[in-house]
Amino acid sequence: MTGVPASAAGGTSGAKGATSASGVPSAPSAPGGPKSVRGGKLGAAAVNQASLWNIANILTMVRLVLVPGFVVLMLMDGGYDPVWRAWAWAAFAVAMITDVFDGHLARTYDLVTDFGKIADPIADKAIMGAALICLSSLGDLPWWVTGVILGRELGITLLRFIVIRYGVIPASRGGKLKTLTQGVAVGMYVLVLEGPLATLRWWVMAGAVVLTVVTGLDYVRQAIVLRRQGIAEREAAAEEAER
């Protein structure tokens, strides 16, 4: 939350020593003033509680809950039953769809919270990581593919934290395309496909791996540039302060 309305905080009439618009001290609060202050605190708490349980955060929580459910469905009956794999694909698809909508809703309707900032990327990487590890453990996907994708995701996340003191690395169009391609490719591997579709999913996954590497290198370049700019700005500020 960015703030609480004055009415929710007890209003200006309940503030001790408050002044009017003309600068003249206002009259003391009525005997019921303390109740207003207590009510204001309760009102602020209610607003903060509502901010946590907004639609964007609920979708993120749903995605987190889907992760263990997806793993169970994926590994039922040895992990090769087409029906269970179809249900696993449905869970994965729902997770990917909620990933698109929760971020859009949070930005559009100003529903960004500290919980969402932490839980959203965790949920994203959890569902993708679970899918890749399950596919590799079943022999459907080479382990090196899983290693490249997960290594890139964890590495870029760590890189963002390292350079956060200098600024934020924005999400690029290439990164969004990479996420979409990864989702489609992994979803096709979750399903039991044969014939031309099985060949097609191999090419989609190849494209996802290429985008993963290329966008990862681009984020590294952005991080280096951002760090250099941040250091230069600090040195310039220090020189200006010494004058």
Side-chain angles (χ1 to χ4, degrees), residues 56 58-106 119-157 160 171-220:
I58 291 174
L59 290 176
T60 299
M61 295 176 194
V62 168
R63 199 155 74 256
L64 286 169
V65 171
L66 282 173
V67 175
F70 166 82
V71 173
V72 171
L73 292 171
M74 190 71 180
L75 300 180
M76 287 292 292
D77 287 344
Y80 298 104
D81 186 278
V83 176
W84 287 113
R85 292 282 286 260
W87 281 108
W89 176 88
F92 181 81
V94 170
M96 291 294 100
I97 292 172
T98 58
D99 179 28
V100 173
F101 280 102
D102 64 356
H104 175 73
L105 290 171
D120 183 69
I122 292 176
D124 296 345
K125 291 171 178 56
I127 188 66
M128 183 60 69
L132 290 168
I133 292 173
C134 284
L135 288 170
S136 292
S137 64
L138 293 172
D140 293 339
L141 192 67
W143 276 106
W144 70 264
V145 174
T146 295
V148 168
I149 295 177
L150 294 185
R152 183 267 191 199
E153 297 301 327
L154 295 176
I156 296 303
T157 300
R160 287 179 184 273
S172 64
R173 291 183 179 180
K176 295 177 181 178
L177 178 60
K178 177 270 304 178
T179 301
L180 175 62
T181 308
Q182 281 183 1
V184 173
V186 171
M188 294 180 73
Y189 268 87
V190 170
L191 290 171
V192 179
L193 300 178
E194 297 178 353
L197 289 177
T199 303
L200 176 61
R201 71 180 181 182
W202 186 92
W203 286 105
V204 176
M205 180 60 75
V209 171
V210 171
L211 286 172
T212 297
V213 174
V214 171
T215 56
L217 293 175
D218 183 61
Y219 277 124
V220 172

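None of these values were measured; they are calculated from a predicted model.
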Measure the shortest side-chain to side-chain distance between W89 and Y189 over non-hydrogen atoms and say whether it is less than 4.5 angstrom. no
Applying side chain to side chain contact (heavy atoms under 4.5 Å, CB included), run through V94 and R63 and close with a yes or a no. CA-CA 8 Å; V94 170; R63 199 155 74 256; over 6 Å; no
Please round to the nearest 0.5 Å and tell me the distance separating atom CG of L217 and atom OG1 of T212. 11.0 Å
Answer yes when R85 and D140 have at least one side-chain N-carboxylate O distance shorter than 4.0 Å, and no when they do not. yes
Is the count of non-hydrogen atoms from other residues, nucleotides or ligands lying under 6.0 Å from K176 atom NZ greater than 12? no
Do L75 and L138 touch side chain to side chain, with heavy atoms closer than 4.5 Å? yes
Compare every heavy atom of A95 with every heavy atom of L66, then report the nearest pair and how far apart it is. CD1-N, 3.8 Å
When every non-hydrogen atom of L193 is compared with those of R201, the smallest separation belongs to N-NH1, 3.9 Å
Can you see which heavy atom on G216 is nearest to which on I156, and at what distance? O-CD1, 3.7 Å
Do F92 and M74 have side chains that approach each other closer than 4.5 Å (heavy atoms only, starting at C-beta)? no
A86 and L191 have their tightest heavy-atom pair at CA-CD2, 4.0 Å
Counting C-beta onward and ignoring hydrogens, is there a side-chain heavy-atom pair between T98 and T60 closer than 4.5 Å? no
Is R152 close enough and on-axis enough to Y219, meaning under 6.0 Å and within 45°, for cation-pi? no
How far apart are the closest heavy atoms of M188 and V204, and which atoms are they? SD-CG2, 4.1 Å
Side-chain heavy atoms of V213 within contact of V148, under 4.5 Å: yes
Starting from the C-alpha separation in whole Å, work towards a yes-or-no answer on side chain to side chain contact (heavy atoms under 4.5 Å, CB included) for W87 and D81. CA-CA 10 Å; W87 281 108; D81 186 278; over 6 Å; no
Looking only at heavy atoms, what is the nearest atom pair of I127 and D124, with distance? CG2-O, 3.3 Å
Could you check T146 against L135 for side chain to side chain contact (heavy atoms under 4.5 Å, CB included), going step by step and ending with a plain yes or no? CA-CA 9 Å; T146 295; L135 288 170; 6.0 Å; no
Pair M96-T179, side chain to side chain contact (heavy atoms under 4.5 Å, CB included): steps then yes or no: CA-CA 10 Å; M96 291 294 100; T179 301; 5.8 Å; no
What distance separates T157 OG1 from I122 CD1, expressed to the nearest 0.5 Å? 10.0 Å
Got M128 and E153 here, is their nearest side-chain heavy-atom distance under 4.5 Å? no
Within the 4.5 Å heavy-atom criterion, are L150 and I133 side-chain neighbours or not? yes
Between S136 and V145, is any pair of side-chain heavy atoms under 4.5 Å apart? no
